[in-house]
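One-based numbering, in listed order, for ligands and for the atoms of each. Just so it is clear, the model here is predicted, and its values are computed rather than measured. The analysis underlying the following values was restricted to heavy atoms, covering all of them including side chains, and did not include hydrogens, waters or symmetry mates.
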Amino acid sequence: MGRMNVSMMRYLEGDHFRVLIAVEMGMKNHEVVPLALVSSIAGIHRGGVLRTLNDLCKHQLVAFERSKKFDGYRLTIRGYDYLALRALCSRDVVGSVGNQIGIGKESDVYVGGDPELNDLCLKFHRLGRTSFRKIKEKRDYHKKRKSASWLYLSRLAAAKEFAFLKALQERGFPVPKGVDVCRHLVVMQLVIGQTLCNVNHVEDPAALYDRLMALIVKLARHGVIHGDFNEFNLIMLEDERVVMIDFPQMVSIDHANAEFYFDRDVTCVRTFFKRRFDYESEDWPKFDEIERKGNMDVLLEASGFTKKMALDLNKAYDDGNFLAHCEQELRTEKQEDEEGEKEEDSDSSDSESEGMEAIQEDEEEKDHEEVQAQVKSVKQQKIVLCQSTRFNDWLSDATTLLDNVDLKELKTEEGYDDSDLPDKINHPPGVTARKESESSDNDDEQEDEEEEDDDHVAVEEQVAKVVKKKRRGVVQSGARSVASSAATFSAEEIKRKLALDKKRNKEKIRLKVKGKQSAVGRNRKDNKNVIAEYAGWI
Ligand SMILES: Nc1ncnc2c1ncn2[C@@H]1O[C@H](COP(=O)(O)OP(=O)(O)OP(=O)(O)O)[C@@H](O)[C@H]1O
C-alpha cells in the first residue's frame with residue numbers, strides 16, 4: 001500500500017481534462033475510443049487532441065490500444081481517479097490525497113484531506129472491469145449490453161454506497177459520515193479505530209455480541225440486510241463502539257435470497273466470537289422473527305438508484321469479479337487476447353507451414369521431373385547420335401565399299417565359304433572397317449556388341465550419378481557439366497519448366513500484415529485522409 005501519485009495533477013491543463021472527459025464519454029459505447037471520436041467530443045482539432053492524448057498516455061491516464069480491426073484510446077484507472085479527484089477538488093471537497101489505508105477486493109481506500117486539511121476517507125471503487133474485458137465479442141461496442149463496463153459498475157457501487165451512507169446516517173446507524181461522491185469515488189469521514197478482525201481482546205464480548213446482533217436486526221427492520229456483515233467491515237473505536245462500513249452489497253429484505261443473506265450475517269458474527277473470544281450464545285436473531293418497520297430499500301430506489309442499477313450491480317457481485325483493480329488481471333486478460341491472436345497467428349502459421357510443405361513437395365517433384373528430363377535427354381542424344389548424318393554418310397560409304405568387294409573372287413582366292421552370308425551386309429561401322437583388316441568376322445561382331453553395351457552402361461551410369469548427386473543436393477562441377485549436356489531440352493520441356501516456375505511464384509505465401517503493422521497501415525491511411533481534408537488550407 002503506497003501513496004497515490006497525484007503530482008501530475010498540478011501540470012495538467014484544462015485541455016487535458018477536456019480530452020480525458022471526451023475519452024470517458026466515448027467509453028460509454030466503445031471500449032477503445034478512436035481519435036476522431038475523441039476529437040469530435042472534445043471539440044478540439046485532431047492535431048491538438050493527438051498532442052494532448054500523447055501527454056496523457058505518457059502519464060498513464062489513458063492507454064493507446066491497437067487491435068486487429070481498429071485502434072483507439074481507453075481511460076485507465078488512474079485517469080478515472082484523476083477525473084474524480086479533479087471534480088471533487090473543484091467542488092472544494094478534497095484538497096489532498098495521502099496514503100492508502102485499505103485495500104479491499106472491490107476498492108482502494110486512501111486517507112485524504114479537505115482544503116482545510118481535515119481528515120477524510122477516500123474510497124475508490126474498482127469493480128467489474130474484468131467482467132467487462134473478459135467478453136471478447138464486446139470488445140469494441142456494447143451491442144446488447146450483456147455486461148457493463150468497469151466505469152459503469154464502479155460508479156454504481158459508489159452511488160449505492162453513498163446513498164446507503166446517507167440513509168443510514170439519517171436513521172442513526174453507526175456509519176461514517178458521507179461527504180460527497182463523484183464517479184467511482186466516495187468521500188466519507190475517516191474512522192479512527194481498528195477493524196474487528198485485528199481486535200484480540202474486548203472487555204465484554206457478550207455486550208459487543210448483543211450490540212452487533214441488534215445492529216443486524218435494526219437494519220432488517222428498516223428493510224435492508226447488510227450482506228457482508230463480518231469482522232472486516234466493522235471498525236471498533238477506542239470506547240468499544242462499533243462502526244459499520246462497506247454497503248454496496250446491501251439487499252432488501254424482500255430480496256429472493258434475503259433469508260440466506262440474513263443468516264449468513266448472523267453466522268459470521270457467531271463464528272467470529274466463538275473463534276476469537278471463545279464466546280458462544282444461545283440467542284441469535286431469526287429471519288422469521290423480523291418485523292419490518294421502515295422501508296429504506298424503497299427510499300433508496302426513490303433516491304435515483306433504480307432497480308436496473310441494482311440488478312446490474314448485484315450481477316457483478318454474483319459474478320465475483322472483484323479483482324478489477326488488479327493490473328495483473330488486466331495483464332492476464334491481455335495475455336488471453338494475445339493467446340487468441342497467437343492462436344490466429346498459429347492458424348495462419350499453420351497455413352504458412354502447410355504452404356511451405358506444399359512448396360517443398362513441389363520442389364521435390366520438380367527435382368524428380370528434372371532428373372527424368374535429363375535421363376530422357378541423354379537417351380534422345382543417343383538416338384540423335386545414332387541418326388546423325390555423319391554416321392549415315394559413313395555407313396553408306398561402308399556399304400558401297402562392301403558392295404564393291406567381289407566375294408566370288410575372294411572365295412576362289414582364299415577358299416572361303418560364304419554360303420551363309422546374305423547378298424548385302426549392313427554391318428555396324430566399326431565392324432565393317434575392321435572387317436577389311438581382320439580375318440575373323442564373328443569375333444569382331446561380338447567385340448563391337450560388347451563395346452556398344454559398354455557405351456550404354458557408361459551413359460546409364462552417368463545418368464545414375466547425376467540423379468544421385470541431384471538428390472543429395474550436391475551441385476558439383478561434374479554434375480553441372482552433365483546438366484549442361486541436358487541443355488538440349490526440347491521447346492516443350494522449356495515451356496513446361498517456365499510454366500512450373502510461374503506457378504511456383506504464384507503460390508508464394510503472401511505475408512499477412514497483422515498487429516502493430518496493420519495499425520501502421522491504417523494510420524497511414526488516416527493521415528492521407530487528414531492531408532486530403534486540409535489540402536486547401538495548406
Ligand atoms: N471510513 C473509513 N475510515 C477508516 N478506514 C476505512 C474507512 N472505510 C474503509 N476503511 C478501511 O479500508 C478497508 C477496506 O474498506 P472496505 O471494506 O470498505 O473495502 P472493500 O473493498 O469493500 O473491502 P472488502 O469487500 O474486501 O471487505 C477497511 O478494512 C478499512 O480498514
Present, as a list of atom pairs with distances to 0.1 Å, all nitrogen or oxygen contacts under 3.5 Å between ligand 1 and the protein.
{"from": "ligand 1", "atom 1": "1 (N)", "to": "Q189", "atom 2": "O", "distance (Å)": "3.1"}
{"from": "ligand 1", "atom 1": "3 (N)", "to": "V191", "atom 2": "N", "distance (Å)": "2.9"}
{"from": "ligand 1", "atom 1": "17 (O)", "to": "N233", "atom 2": "OD1", "distance (Å)": "3.0"}
{"from": "ligand 1", "atom 1": "18 (O)", "to": "K123", "atom 2": "NZ", "distance (Å)": "2.5"}
{"from": "ligand 1", "atom 1": "19 (O)", "to": "S107", "atom 2": "OG", "distance (Å)": "3.0"}
{"from": "ligand 1", "atom 1": "21 (O)", "to": "E106", "atom 2": "N", "distance (Å)": "3.3"}
{"from": "ligand 1", "atom 1": "21 (O)", "to": "S107", "atom 2": "N", "distance (Å)": "3.2"}
{"from": "ligand 1", "atom 1": "21 (O)", "to": "S107", "atom 2": "OG", "distance (Å)": "2.5"}
{"from": "ligand 1", "atom 1": "22 (O)", "to": "D246", "atom 2": "OD1", "distance (Å)": "2.9"}
{"from": "ligand 1", "atom 1": "22 (O)", "to": "D246", "atom 2": "OD2", "distance (Å)": "2.7"}
{"from": "ligand 1", "atom 1": "25 (O)", "to": "K105", "atom 2": "NZ", "distance (Å)": "3.4"}
{"from": "ligand 1", "atom 1": "25 (O)", "to": "D246", "atom 2": "OD2", "distance (Å)": "3.2"}
{"from": "ligand 1", "atom 1": "26 (O)", "to": "K105", "atom 2": "N", "distance (Å)": "3.2"}
{"from": "ligand 1", "atom 1": "27 (O)", "to": "N233", "atom 2": "OD1", "distance (Å)": "3.1"}

* Taking only residues two or more places apart in sequence or in another chain, which ones pass salt bridge (Lys or Arg N to Asp or Glu O under 4.0 Å) with D180? -> R91
* **K160 side, atom NZ; H125 side, atom NE2 - distance, nearest 0.5 Å** => 11.0 Å
* **Where at least one partner belongs to residues 243-256, residue pairs that pass salt bridge (charged side-chain N to carboxylate O under 4.0 Å, His left out), sequence neighbours excluded** => K123-D246, D254-R292
* Is the centre of the F173 ring less than 6.0 Å from the centre of the H222 ring? -> yes
* Mind checking what makes ring pair (Phe, Tyr, Trp, His ring centres under 6.0 Å) contact with F262, not counting sequence neighbours? -> F287
* Structure fact -> To the nearest 0.5 Å, atom CG of L12 lies from atom CG of L56 at 7.0 Å
